[in-house]
Structure formats: structure tokens, C-alpha cells
Chemist: 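Sending over a structure as C-alpha cells; questions will come in a sec.
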Amino acid sequence: MDLNFERIVPSIPYMLEGIKVTLQFTLLSAVLGFLWGTVLSLFKISTIKPLRWFAVGYTSIFRGTPLILQLTIVYFATPQLTGYQISALEAGVLAFSLNSAAYISETIRAGILAVDKGQREAAMALGVPYRRMMLDIIMPQALKNILPALVNESIALLKESALVSTIGAADVLRRATIVGAEKYIYFEPLIVAGIIYYVMVMALTFGARLLERRLRRSD
């Protein structure tokens, strides 16, 4: 086996700079996906049928088509349809947020429905407005129950963010392939990229476990 990691040592700082891009995609997509997913989950439990139909249809489309197809459509179709030259960062965040919201909405919906119905009935009997009831009583309990699922979704986003390399974003994987092309060796830079992704995922998992322990202590 002919491996030569010494040749890519000077390029490792360049590859590490991709971490910032990867985290940028992941963080923005997670936040926007969570916000839009929360709205969709409220649509799904709404008594207004058109809102329920919209949320169910939306989820069906985004869960039923590949993420890379959605990313490609957003990046290449947006300039054709709107005339706006969307950047790789904007296209990636938009596609990942829309896709993530479809999955998160199901998780949040399940978390809301898992909260004891008696609490909702008691709040309604006391005349608590719907918005305050959801924000102050139902959502905090639902979020605590679904935290592990939200962490899993964030980890999935972090790993799937490598897809943005297909539209030219200079993330970790894209930089690894550039280094490979420059030095005519691909295995070594891809292995380094894999280690970088693994360390980021483990760090996120460790942080989530600490947060879960802290929340359990507060129960």
C-alpha cells in the first residue's frame, strides 16, 4: 500500500478552513429549519384543513425526493426563474432548511401530541390564550422530550452538508477534492476530511449529552 500523508501536510490548514463553511451551513440550516418546522407542526395540528393539507403535502414532497435534487433545483433554477444569482451558501442554506423543516415538523408534532392533554384542557379552562398556552406550557415540555431527535437531525445536517461541495461551496469535502486534484492523490485528503467530519460529529454529540444531563437534573 502506497500512502504518503506527508505530501498533504502543508494543505491541512487549507482543509481545516472548510470547517467554518461546514458549520455555517449546518448552523443556519438547523435554526431556519427548526423555525419553519415549528410553523409546519402547528399547521399539522391545526383545525384549519387547508393549513393541514399544505403541511402534509409539503412534508410529503420534501421527504419523497432526494436532498441533492432539491439542492440542485434551488441553485440552478433560481436564476432562471427569478433572475437572482443565488450564491452557493444561500442555495445550500435554503435547500437544507426547507428539507430539514419537513423532518423536524414531524418530530415537533409528535412532541406536542405527547404532552398530557390535561394540561391543555386546564389551560383552556383557565382562559389562557392559545399562543401563550403553546409558548409557555406545551412547547417547553415538547422540546425537552424531543431534544435527542433534534440532535440527531442536527448531526444528519452536519454530515449531509458535504453535498454543498457539488455546487462549488468550499467546505471540507470540496477542499479535500481540490487538494487531491492538485497533488494527484485522493485517498489521503479524503481520509483527513473523514476524520474532520468525525471529530465535529463527536463534539456535537458530546455537547448534546451534556445538555440532556443538565435538563434531566432540572426535572
Side-chain angles (χ1 to χ4, degrees), residues 22-67 70-71 92-161 197-198 200-219:
T22 296
L23 292 179
Q24 198 174 18
F25 271 110
T26 305
L27 183 60
L28 289 173
S29 301
V31 172
L32 295 177
F34 175 77
L35 294 176
W36 180 223
T38 301
V39 174
L40 289 173
S41 68
L42 295 177
F43 284 180
K44 288 177 180 176
I45 62 174
S46 170
T47 55
I48 304 173
K49 287 184 178 179
L51 293 180
R52 286 210 313 267
W53 293 339
F54 169 78
V56 171
Y58 177 96
T59 301
S60 174
I61 291 171
F62 278 89
R63 291 175 69 178
T65 55
L67 176 56
Q70 298 160 18
L71 175 63
V93 170
L94 180 59
F96 278 68
S97 301
L98 294 175
N99 180 276
S100 179
Y103 290 92
I104 289 177
S105 66
E106 282 295 297
T107 303
I108 297 176
R109 183 186 67 85
I112 292 173
L113 295 179
V115 176
D116 186 8
K117 287 182 180 177
Q119 297 193 33
R120 182 180 301 186
E121 292 169 355
M124 292 174 69
L126 292 171
V128 178
Y130 179 80
R131 184 178 175 185
R132 279 198 58 196
M133 177 183 72
M134 293 303 295
L135 290 176
D136 298 340
I137 300 174
I138 304 299
M139 288 302 288
Q141 297 180 71
L143 290 177
K144 187 181 288 187
N145 293 334
I146 64 176
L147 181 62
L150 292 178
V151 171
N152 286 336
E153 176 62 21
S154 299
I155 291 173
L157 270 176
L158 178 60
K159 291 187 290 185
E160 289 171 351
S161 69
Y197 279 111
Y198 180 77
M200 286 194 291
V201 168
M202 289 300 104
L204 181 59
T205 304
F206 180 72
R209 283 178 182 165
L210 287 180
L211 180 59
E212 282 184 53
R213 283 180 195 166
R214 178 164 292 186
L215 288 175
R216 274 200 290 267
R217 274 193 218 128
S218 66
D219 287 339

Chemist: Is the OH atom of Y130 crowded by more than 12 outside heavy atoms at less than 6.0 Å?
Modeler: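 Enclosed: over 12 neighbouring heavy atoms sit under 6.0 Å from OH of Y130.
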Chemist: When you measure from the side chain of T38 to the backbone N and O of F34, does any donor-acceptor pair fall under 3.5 Å?
Modeler: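 Present.
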Chemist: Measuring from L143:CG to I138:CD1, what's the distance to the nearest 0.5 Å?
Modeler: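 Output value for this atom pair is 11.5 Å.
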Chemist: Side chains of L40 and F54: does their closest heavy-atom pair fall under 4.5 Å?
Modeler: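 Counting from C-beta outward, L40 and F54 do come under 4.5 Å.
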Chemist: Judged by atom type as modelled, is there a donor-acceptor pair below 3.5 Å linking the side chain of S46 to the main-chain atoms of L42?
Modeler: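 Pair absent, no side-chain N/O of S46 close to backbone of L42.
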Chemist: Minimum heavy-atom separation for T107 to I146, with atom names?
Modeler: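 Between these two residues, the closest heavy atoms are O-CG2, 3.6 Å.
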Chemist: Quick one: which residue pairs count as a side chain to side chain donor-acceptor pair (under 3.5 Å) with a foot in residues 49-58, not counting sequence neighbours?
Modeler: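 Sorted pair list: W36-Y58.
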Chemist: Please identify each residue that fulfils side-chain hydrogen bond (donor to acceptor under 3.5 Å, both in side chains) with S105, with sequence neighbours left out.
Modeler: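 Applying side-chain hydrogen bond (donor to acceptor under 3.5 Å, both in side chains) to S105 gives K44.
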Chemist: Please answer whether the main-chain N or O of I137 pairs with a side-chain N or O of Q141 as donor and acceptor at a distance below 3.5 Å.
Modeler: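 The answer is yes, because a donor-acceptor pair under 3.5 Å joins these two groups.
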Chemist: Would you say that I104 contacts L150 through its side chain, given a criterion of any heavy-atom pair below 4.5 Å between the two side chains?
Modeler: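 Result yes, sub-4.5 Å side-chain heavy-atom pair found.
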Chemist: Can you list the residues that meet the side-chain hydrogen bond (donor to acceptor under 3.5 Å, both in side chains) rule with Y197, with sequence neighbours excluded?
Modeler: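 side-chain hydrogen bond (donor to acceptor under 3.5 Å, both in side chains) check on Y197 returns D171.
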Chemist: At what distance, to the nearest 0.5 angstrom, does CE of M134 lie from CD1 of I45?
Modeler: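 The distance works out to 4.5 Å.
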Chemist: Using every non-hydrogen atom in the two residues, find where S41 and I112 come nearest and quote the distance to one decimal.
Modeler: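 Heavy atoms of S41 and I112 come nearest at OG-CD1, 4.2 Å.
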Chemist: More than 12 heavy atoms of other residues, nucleotides or ligands under 6.0 Å from CE of M202: yes or no?
Modeler: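 More than 12 heavy atoms, drawn from other residues, nucleotides or ligands, come within 6.0 Å of this atom.
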Chemist: Got I108 and M139 here, is their nearest side-chain heavy-atom distance under 4.5 Å?
Modeler: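 Yes; the side chains approach each other to less than 4.5 Å.
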Chemist: When rounded to the nearest 0.5 angstrom, what distance separates CG in L147 from OG in S154?
Modeler: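 Going from CG on L147 over to OG on S154, the span is 9.0 Å.
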Chemist: Measure the CG-CD distance between N99 and E153 for me, rounded to the nearest 0.5 Å.
Modeler: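 Atom-to-atom, N99:CG and E153:CD are 7.5 Å apart.
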Chemist: How long is the span from the CG atom in L32 to the CZ atom in F96, to the nearest 0.5 Å?
Modeler: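 Interatomic distance, L32 CG to F96 CZ, rounded to 0.5 Å: 13.0 Å.
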Chemist: Can you check whether T22 reaches M200 side chain to side chain, under 4.5 Å on heavy atoms?
Modeler: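 Heavy-atom side-chain distance check passes, below 4.5 Å.
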Chemist: If you look at every heavy atom in S29 and G92, which pair is closest and at what distance?
Modeler: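 Taking every non-hydrogen atom into account, OG-O, 4.3 Å.
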Chemist: Got a second to check how far S100's OG is from L157's CG, nearest 0.5 Å?
Modeler: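 Between atom OG of S100 and atom CG of L157 there are 4.5 Å.
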